[in-house]
Trainee: 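This is the structure I want to talk about, given as structure tokens.
Residue numbers start from 1 in every chain, and the chains themselves are labelled A, B, ... in the order their sequence lines are given, proteins ahead of strands.
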Amino acid sequence: MPDTLRHILASDSPLSSITVRGWVRTRRDSKACSFIEITDGSCFKGLQIVVDASLPCAALMPGILTGASIEVDGDLIASPAAGQTWEMQAKDLRVVGEADATYPLQKKGHTPEFLRTISHLRPRTNLFSNVFRVRSRMAFAIHRFFQDQDFFYVHTPVITSSDCEGAGELFRVTTLKQGSNAKPEDDFFGRPTYLTVSGQLQGETFACALGNIYTFGPTFRAENSNTARHAAEFWMIEPEMAFCDLFDDMSLAEASVRYLVAAMIKECPEELEFFNKFVDKELVGRLQQTLEKPFERISYTAAVDLLLKSGRSFEHPVIWGEGLLTEHERFIAEEHVRGPVTIYNYPKDIKPFYMRQNDDGKTVAAMDLLVPGIGEIIGGSQREDKLDVLRAAMQHHGLNEEDYSWYTDLRRYGSVPHAGFGMGFERLLMFVTGVSNIRDVIPFARTPGHAPY
RNA sequence: UCCUGAGUAGCUCAGCGGUAGAGCGGGUGGCUGUUAACCACUAGGUCGUAGGUUCGAACCCUACCUCAGGAGCCA
């Protein structure tokens, strides 16, 4: 493996006779020499290469346009000019792959909308190389957070026959020909199957065996959602803990957000600086604030109360028993609390069947963690662990108990209080990068009418 | 899916009834240890698509398509 620019640029002394590879960002010609800046993706910074005009390889300059890939032999020396600590004095240079004038990425002035139309080339830009390096490091930090606390990573199925009621529209998985009259029994699995909308129900079975578990994988929703915060395919982290109530659940959710924000600050300083400068000037301040004070917790009923007493006239009325709308959540997170906030104990009629009923008979032990700018980043609950209450809830929601016998068995044999949540990985990335559209934190985003790669 | 706005050169945009423009990117020449380099010249466009109004449409009207912002749904 050749050495990366990340490693080379971190050198504390000059290096002689090294070879670097990368893609050309820009070239400037001077009388005595040419300057080529290359990046190799290993870090945000690039390396300036100085090619003396007297070298035989200087004849290659006209073919070295933005986007070309090159390989350079030379010495790493202290740069005599401002702008960079190190630069490379070239001895020899080879063009690995040319790029002609049709290369769409220029040195400046591209909108995220345009770059979305060239998703295969945008990782070569400053913005997107930073986003995707952060995506990788955050994914790793998530595993570390849970593994350090003895959680087990469980791979729940991508193809399921349960629809985790309430989690949204499903993508059908079938091998039947379109328009065929074949029955579901004739299909590949002998029954209707779908892409998973949540691994929670299966995750519960493993929590009720291994104790603390988490899933981290792709999730699919066939909702016709057209917003900056929704995608048809996204990644979700779903921890599930046995012998755990809603308040333990909220504590873990808050701790995970704080851990991941801290990881961003510590492990991605160059990327963070870039985002703060070019994407969202309040990003660093907001992340630091997240670490400074404990997250607030407000019950749903108290939230409705404070909205009613806020004196604010909302477009949609605030009514106990109905869901909090975006404008309500934004008011609470961005104006009232001015920071992350957890809202808990929601009315039972607006929540799925599996959530634990509270003693008041009106609410369930559900919680949403809201962050400024994004809204809901985590949604979770304590699960109903009493068999009779769960069966009644399933009946109330019109579910066929036979289909969920494996799920109710968890309450039949050694039932325990347990709880968990789902964290939207892309929403977390939006929060820590300041990037405002979910399509820009996913390598190849899938949204309604859009899956071109 | 609903509401609002926008589609003009490879990219970012100006032009808003009377012969299609600029900056960047490309080419050519010049200058320079340059830093989104600079200066000059140059090539590049059925103005999203289809109809309509008008002597005349990039511009006004209608439909459709695409994108963006907001809403619903949620992670």
Trainee: Produce the list of close N/O pairs, under 3.5 Å, pairing protein atoms with atoms of nucleotides 4-9 of chain B; give distances to one decimal.
Mentor:
none

Trainee: Can you classify the ring geometry of A:Tyr153 versus A:His143 as parallel (below 30°), tilted (30 to 60°) or perpendicular (above 60°)?
Mentor: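 Correct class here is perpendicular.
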Trainee: Quick check on B:G69: is either OP1 or OP2 less than 4.0 Å from any side-chain nitrogen or oxygen of A:Asn437?
Mentor: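 Affirmative; the distance criterion is met.
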Trainee: With a 4.5 Å limit on heavy-atom distance, are the side chains of A:Arg122 and A:Asp440 in contact?
Mentor: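 Yes, close enough: below the 4.5 Å cut-off.
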Trainee: With hydrogens left out and only the distance checked, is there a donor-acceptor pair under 3.5 Å joining A:His230's side chain and the base of B:C74?
Mentor: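 Yes.
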Trainee: Can you run down the salt bridge (Lys or Arg N to Asp or Glu O under 4.0 Å) pairs that involve residues 77-86 of chain A, sequence neighbours left out, and say none if there aren't any?
Mentor: none
Trainee: Distance check needed: B:A68 P versus A:Phe114 CZ, whole Å only.
Mentor: 14 Å
Trainee: Side chain of A:Ala228, heavy atoms from C-beta onward: which of B:G70, B:A75, B:A71 has the nearest atom to it?
Mentor: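 The listed nucleotide nearest to A:Ala228's side chain is B:G70.
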Trainee: Protein-nucleotides 33-35 of chain B N/O pairs closer than 3.5 Å?
Mentor:
| unit_1 | atom_1 | unit_2 | atom_2 | d |
| --- | --- | --- | --- | --- |
| B:G33 | N1 | A:Glu87 | OE1 | 3.4 |
| B:G33 | N1 | A:Glu87 | OE2 | 2.6 |
| B:G33 | N2 | A:Gln48 | NE2 | 3.1 |
| B:G33 | N2 | A:Glu87 | OE1 | 2.3 |
| B:G33 | N2 | A:Glu87 | OE2 | 3.2 |
| B:U34 | O2' | A:Arg28 | NE | 3.2 |
| B:U34 | O2 | A:Arg28 | NE | 2.8 |
| B:U34 | O2 | A:Arg28 | NH2 | 3.0 |
| B:U34 | N3 | A:Gln48 | OE1 | 3.0 |
| B:U34 | N3 | A:Gln48 | NE2 | 3.1 |
| B:U34 | O4 | A:Gln48 | NE2 | 2.7 |
| B:U34 | O4 | A:Gln84 | NE2 | 3.3 |
| B:U35 | O4' | A:Arg28 | NE | 3.3 |
| B:U35 | O2 | A:Gln84 | OE1 | 3.2 |
| B:U35 | N3 | A:Ala82 | O | 3.0 |
| B:U35 | N3 | A:Gln84 | OE1 | 3.1 |
| B:U35 | N3 | A:Gln84 | NE2 | 3.4 |
| B:U35 | O4 | A:Ala82 | O | 2.3 |
| B:U35 | O4 | A:Gln84 | NE2 | 3.3 |

Trainee: Who passes salt bridge (charged side-chain N to carboxylate O under 4.0 Å, His left out) against A:Arg25, sequence neighbours left out?
Mentor: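 Salt bridge (charged side-chain N to carboxylate O under 4.0 Å, His left out) check on A:Arg25 returns nothing, list empty.
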Trainee: If you measure from the C1' atom in B:A58 to the same atom in B:A6, how many Å do you get, rounded?
Mentor: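 After rounding to an integer number of Å, I get 14 Å for this pair.
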Trainee: Starting the side chain at C-beta, find the nucleotide from B:G72, B:G10, B:A75 nearest to A:Gln106.
Mentor: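 Minimum distance to the A:Gln106 side chain belongs to B:G10.
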Trainee: Would you say A:Arg229 places a side-chain N or O within less than 4.0 Å of OP1 or OP2 belonging to B:A71?
Mentor: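 Answer yes for this pair, as a side-chain N or O of A:Arg229 is under 4.0 Å from OP1 or OP2.
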Trainee: Is A:Ile378 touching bases, backbone alone, or none of the nucleic acid, heavy atoms closer than 4.0 Å?
Mentor: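 Sugar-phosphate: the residue A:Ile378, judged by heavy atoms under 4.0 Å, touches backbone atoms but no base.
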Trainee: Base, sugar-phosphate, or nothing for A:Thr26, non-hydrogen atoms under 4.0 angstrom?
Mentor: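 The answer is sugar-phosphate, as A:Thr26 gets under 4.0 Å only of primed atoms, P, OP1 or OP2.
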Trainee: If you measure from the C1' atom in B:C47 to the same atom in B:A37, how many Å do you get, rounded?
Mentor: 33 Å
Trainee: Looking at the side chain of A:Glu113, which of B:C11, B:A68, B:C74 is the nearest nucleotide?
Mentor: B:A68
Trainee: Give me each pair satisfying salt bridge (Lys or Arg N to Asp or Glu O under 4.0 Å) with a member in residues 42-58 of chain A, each pair once, sequence neighbours excluded.
Mentor: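 Salt bridge (Lys or Arg N to Asp or Glu O under 4.0 Å) check on residues 42-58 of chain A returns A:Lys45-A:Glu270.
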Trainee: Suppose you measure atom P in B:C59 against the same atom in B:G7; what distance do you get, rounded to whole Å?
Mentor: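 Going atom to atom, P in each nucleotide, I get 11 Å.
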Trainee: Identify, residue by residue, the members of residues 422-435 of chain A with a heavy atom below 4.0 Å from RNA chain B, and return them in order of residue number, or none.
Mentor: A:Gly422, A:Gly424, A:Arg427
Trainee: Around atom CZ of A:Phe140, are there more than 12 heavy atoms of other residues, nucleotides or ligands at under 6.0 Å?
Mentor: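 No, not enclosed.
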Trainee: Please, which pairs that meet salt bridge (Lys or Arg N to Asp or Glu O under 4.0 Å) have at least one residue in residues 424-439 of chain A, sequence neighbours excluded?
Mentor: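 The answer is A:Arg135-A:Glu426.
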Trainee: Pick base, sugar-phosphate or nothing for A:Thr102, based on heavy-atom distances below 4.0 Å to the nucleic acid.
Mentor: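 No contact.
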Trainee: Counting only Watson-Crick or G-U wobble pairs whose two distances fall under 3.5 Å, which nucleotide matches B:U4?
Mentor: B:A68
Trainee: What residues, two or more places apart in sequence or in another chain, satisfy side chain to side chain contact (heavy atoms under 4.5 Å, CB included) together with A:Arg28?
Mentor: A:Thr26, A:Phe35, A:Gln48
Trainee: Would the base of B:C73 count as contacting A:Ser225 through its side chain, where contact means a donor and an acceptor less than 3.5 Å apart?
Mentor: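 Checked by distance alone, the answer is yes.
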Trainee: For B:U49 and B:G56, measure between their C1' atoms and round to the nearest Å.
Mentor: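 Between the two C1' atoms, the distance is 22 Å.
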Trainee: Pick the closest RNA chain B nucleotide for A:Glu376 and for A:Pro448 by heavy atoms, then say which residue is nearer the 5' end.
Mentor: A:Pro448
Trainee: Please determine if a side-chain N or O atom of A:Thr227 lies less than 4.0 Å away from the OP1 or OP2 oxygen of B:G70.
Mentor: no
Trainee: Under a 4.0 Å N-O cut-off, is there an ion pair linking A:Asp385 with A:Arg356?
Mentor: yes
Trainee: If the condition is side chain to side chain contact (heavy atoms under 4.5 Å, CB included), which residues does A:Phe145 pass it with, not counting sequence neighbours?
Mentor: A:Gln149, A:Leu252, A:Ala255, A:Ser256, A:Tyr259
Trainee: Please identify each residue that fulfils side chain to side chain contact (heavy atoms under 4.5 Å, CB included) with A:Asp73, with sequence neighbours left out.
Mentor: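 Partners of A:Asp73 under the side chain to side chain contact (heavy atoms under 4.5 Å, CB included) test: A:Thr19, A:Asp92, A:Arg94.
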Trainee: Could you check whether A:Asp29 gets within reach of a base, just the sugar-phosphate, or nothing at all, counting any heavy atom under 4.0 Å?
Mentor: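 Base contact.
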Trainee: Per the salt bridge (Lys or Arg N to Asp or Glu O under 4.0 Å) rule, what does the pair list look like for residues 77-87 of chain A, sequence neighbours excluded?
Mentor: none
Trainee: For a quick check of understanding: with a heavy-atom distance under 4.0 Å over all strands, which category does A:Ile237 fall into, base, sugar-phosphate or nothing?
Mentor: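 If one applies the 4.0 Å heavy-atom cut-off, A:Ile237 turns out to touch nothing in the nucleic acid.
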Trainee: Of all residues at least two apart in sequence or in a different chain, which pass the side-chain hydrogen bond (donor to acceptor under 3.5 Å, both in side chains) check with A:Thr66?
Mentor: none
Trainee: Can you figure out which of B:C73, B:C11, B:A75 approaches the side chain of A:Leu325 most closely?
Mentor: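 Output: B:C73.
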Trainee: Return the nearest nucleotide to the side chain of A:Arg439; candidates are B:G26, B:A68, B:A75.
Mentor: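 My answer, after comparing the listed nucleotides, is B:A68.
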